[in-house]
Amino acid sequence: MERRAKERYRVWFPMTVVTEEGDEGTAITFDVSAGGLLMACPGRLEVGTPVTLRFKISGDDAEERRIAAEVVRVEPGFDEEGPWRFRMAVRFAAPQPDLEGVLREHAED
């Protein structure tokens, strides 16, 4: 049985994924921890691709968060023909312990 080092939260929010080349794409996250997240997106990136994630977890956030991350897994998404054709897991370049409280507050039960 797999055991994760960080608690995961079911939280849905939109984000912008930016590559080192400056290309931007939209994604929706739905599984987040202080160490990384799983997102649904229309396009795919290769495993190992460094990205910057830009997002606000809620409208109450004072400013947009920017977190450096790396793509660690890519798999088929929710709908092969729709906008969320891929699911990509990313690992944050550095843990984000300050996310814990916000994620817990906004998580689905």
Side-chain angles (χ1 to χ4, degrees):
M1 179 159 108
E2 180 181 346
R3 297 194 48 93
R4 297 188 184 269
K6 296 174 179 50
E7 187 169 351
R8 300 192 79 74
Y9 299 92
R10 196 139 180 91
V11 181
W12 297 78
F13 55 85
M15 66 173 41
T16 301
V17 180
V18 184
T19 65
E20 289 183 321
E21 293 78 25
D23 296 326
E24 294 186 7
T26 301
I28 295 178
T29 186
F30 55 93
D31 183 8
V32 188
S33 77
L37 58 82
L38 183 61
M39 60 186 158
C41 43
R44 66 170 290 163
L45 297 171
E46 296 301 317
V47 170
T49 301
V51 294
T52 298
L53 307 174
R54 297 189 335 228
F55 60 90
K56 288 185 175 186
I57 294 175
S58 76
D60 298 340
D61 280 353
E63 60 186 56
E64 183 177 69
R65 297 171 189 268
R66 293 173 181 260
I67 299 177
E70 178 182 346
V71 176
V72 294
R73 187 175 74 244
V74 180
E75 55 195 35
F78 298 109
D79 181 2
E80 292 179 15
E81 303 299 321
W84 311 116
R85 296 181 313 196
F86 300 97
R87 291 190 297 178
M88 291 193 297
V90 298
R91 178 177 47 236
F92 299 150
Q96 303 293 314
D98 62 311
L99 286 180
E100 285 284 334
V102 178
L103 293 171
R104 190 175 300 112
E105 181 180 321
H106 290 85
E108 292 181 1
D109 293 328

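For the single chain, residues carry numbers from 1 onward in sequence order. Only a predicted model underlies this, so the values are computations on that prediction, with no experimental measurement involved. Because only heavy atoms are used, hydrogens play no part in the values below, and waters and symmetry mates are left out as well, while side chains stay in.
- Residues satisfying the side chain to side chain contact (heavy atoms under 4.5 Å, CB included) test with E21, not counting sequence neighbours, are T19, D23.
- For residues 83-98, every residue pair satisfying the salt bridge (charged side-chain N to carboxylate O under 4.0 Å, His left out) rule, not counting sequence neighbours, is listed here: R65-D98, E75-R87.
- Other members of the cluster containing V102 are Y9, V11, F13, M15, V17, V32, L37, M39, L45, V47, V51, L53, F55, I57, I67, V71, V74, F86, M88, V90, F92, L99, L103, with ILVMFWY side chains joined at under 4.5 Å, either directly or via other members.
- When all heavy atoms of E100 and A34 are compared, the pair lying nearest together is OE2-CB, 3.6 Å.
- Chaining together hydrophobic side chains whose heavy atoms lie under 4.5 Å apart leaves V18 on its own.
- Scanning both residues, A62 and K56, for their nearest heavy atoms gives O-NZ, 4.3 Å.
- With sequence neighbours excluded, the residues forming a side chain to side chain donor-acceptor pair (under 3.5 Å) with E24 are R54, listed by chain and number.
- Pairs engaging residues 16-40 under the ring pair (Phe, Tyr, Trp, His ring centres under 6.0 Å) rule: W12-F30, F30-F78 [sequence neighbours left out].
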